[in-house]
Amino acid sequence: MKYNKLVYVLLFALMSFAPNLKDSNPKNFVFESTTKSVEIVYNSLDANNFVLPKLESFSQALEGFYRLKDSGKINSDLMTIVDFSLSSNSKRLWVIDLEENKILYHSLVAHGKNSGEEYATSFSNEEESYKSSLGFFATAEVYNGSHGTSLKLDGLESGINDKARKRAIVIHGANYVSTDFIKNHSRLGRSQGCPALPVELSAKIINKIKNKSCLFIYHPSKNYTSKSKLIS
């Protein structure tokens, strides 16, 4: 596996926090040192004049990213985070280049119409639920659909989001994902479950993250964290 700048930062951080084995519980060390190393990576991110994602969402995303990279389920150094704990009126999608440790995009993103109004609070893996799904996805192929350039997604977590392709959960552009829509309706528009993007950014983001990069949709849902095998 190719070692990028992020890996070196993590390895350096882990060595920097090497425990005194006589005094430390190894399990506690693994948790504490990993937490510290992720914080170092987080604090070293080049924000590129954007707002950083929350540490909680970044930490879970990074953990799953490396599990998926090691298993070969993703093959890109790009990681996209969607934070559905935030208001839909705020930019809550980030595309991060982990090779350069730099944020490339920060955008509005819609949730499913049955997941909530301004805030997403309910999630599903079922067809015709019109709800968003949480967890880790691999981006797949680009196609031209009813919303123009669109990106298919493969859910990587059984029972959580693995019906994404069957449900036609894709990334696409939509006119209802805009500041004008927020001004007129007091909240962002909603999709049928897709993480829809602003029209002016969708093709750029889609073509950047296509073909087996990591997408993580975050929410501090106990139901998700208790079921996921990709986060600790």
Side-chain angles (χ1 to χ4, degrees), residues 49-54 57 61 78-96 103-137 139-155 160-161 163-210 213-221 223-224:
N49 295 317
F50 298 125
V51 175
L52 291 176
K54 292 192 296 187
S57 60
L78 296 176
M79 179 175 75
T80 303
I81 300 173
V82 173
D83 185 350
F84 278 158
S85 72
L86 300 175
S87 164
S88 62
N89 295 346
S90 63
K91 294 181 179 181
R92 51 184 182 167
L93 176 144
W94 291 260
V95 178
I96 302 172
I103 296 176
L104 303 181
Y105 294 99
H106 183 207
S107 172
L108 293 169
V109 59
H111 58 252
K113 65 180 184 180
N114 286 341
S115 280
E117 294 284 334
E118 180 183 340
Y119 287 87
T121 58
S122 181
F123 308 95
S124 177
N125 190 36
E126 297 305 315
E127 293 182 76
E128 298 185 4
S129 66
Y130 302 130
K131 293 183 180 183
S132 299
S133 296
L134 299 177
F136 289 90
F137 301 76
T139 62
E141 68 272 23
V142 176
Y143 70 100
N144 191 42
S146 59
H147 293 283
T149 301
S150 304
L151 179 63
K152 292 190 176 181
L153 301 172
D154 290 311
I160 297 173
N161 59 26
K163 295 181 182 178
R165 187 174 281 261
K166 190 175 182 180
R167 293 179 62 203
I169 300 301
V170 302
I171 294 179
H172 63 78
N175 290 327
Y176 54 76
V177 186
S178 67
T179 53
D180 285 343
F181 192 98
I182 294 171
K183 290 176 183 177
N184 292 330
H185 299 85
S186 300
R187 62 160 173 78
L188 195 69
R190 298 168 299 166
S191 68
Q192 293 186 341
C194 298
L197 300 176
V199 172
E200 65 273 16
L201 281 178
S202 59
K204 293 177 183 178
I205 291 177
I206 284 169
N207 283 306
K208 187 68 178 178
I209 68 174
K210 64 184 180 182
S213 73
C214 177
L215 165 66
F216 177 56
I217 300 182
Y218 168 84
H219 187 275
S221 162
N223 185 50
Y224 169 70

Chemist: Quick one: pull up NZ in K208 and OG1 in T80 and give me the separation to the nearest 0.5 Å.
Modeler: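 So the gap between those two atoms works out to 11.0 Å.
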Chemist: Please report the closest heavy-atom contact between N161 and S133, naming both atoms and the distance.
Modeler: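 Taking every non-hydrogen atom into account, CB-CB, 3.8 Å.
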Chemist: Measure the acute angle between the ring planes of F136 and F216, then classify it against the limits of 30° and 60° as parallel, tilted or perpendicular.
Modeler: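 The arrangement is parallel - the two ring planes meet at less than 30°.
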Chemist: Would you check, one step at a time, whether the test side chain to side chain contact (heavy atoms under 4.5 Å, CB included) holds for I171 with I209?
Modeler: CA-CA 10 Å; I171 294 179; I209 68 174; 3.9 Å; yes
Chemist: Taking 4.0 angstrom as the limit, do K166 and E127 come out as a salt bridge?
Modeler: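 The answer is yes: the pair qualifies as a salt bridge.
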Chemist: Give a yes or no on whether a salt bridge exists between R92 and D83, defined as a side-chain N under 4.0 angstrom from a carboxylate O.
Modeler: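 Judged by the 4.0 Å cut-off on N to carboxylate O distance, R92 and D83 do not form a salt bridge.
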Chemist: Taking T149 for the side chain and N144 for the main chain, is one N or O donor matched with an acceptor at less than 3.5 Å?
Modeler: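 Judged by distance alone, no pair lies under 3.5 Å.
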Chemist: Could you state the interatomic distance from OG (S186) to CG (N89), rounded to the nearest 0.5 Å?
Modeler: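 The OG atom of S186 sits 8.0 Å away from the CG atom of N89.
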Chemist: Tell me if the CG atom of N184 is crowded by more than 12 foreign heavy atoms within 6.0 Å.
Modeler: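 Counting other residues, nucleotides and ligands, CG of N184 exceeds 12 neighbours.
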Chemist: Give a yes or no answer on whether the side chain of S88 reaches the backbone of A110 with a donor-acceptor pair at less than 3.5 Å.
Modeler: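 Judged by distance alone, no pair lies under 3.5 Å.
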Chemist: Please, which pairs that meet salt bridge (charged side-chain N to carboxylate O under 4.0 Å, His left out) have at least one residue in residues 187-196, sequence neighbours excluded?
Modeler: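 Listed by first then second residue: E117-R187, E117-R190.
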Chemist: Can you tell me which residue pairs pass the ring pair (Phe, Tyr, Trp, His ring centres under 6.0 Å) test with a partner in residues 112-134, sequence neighbours excluded?
Modeler: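 Of all non-adjacent pairs touching residues 112-134, those that pass ring pair (Phe, Tyr, Trp, His ring centres under 6.0 Å) are F123-H219.
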Chemist: What distance separates L93 CG from S107 OG, expressed to the nearest 0.5 Å?
Modeler: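 It comes to 5.5 Å.
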Chemist: Output the distance between atom NE2 (H185) and atom CG (D180), rounded to the nearest 0.5 Å.
Modeler: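 It is 11.0 Å, given to the nearest 0.5 Å.
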Chemist: In terms of ring plane angle, is the pair H147 and H172 parallel, tilted or perpendicular, where the classes change at 30° and 60°?
Modeler: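 Taking H172 first and then H147, their aromatic rings lie parallel (interplane angle under 30°).
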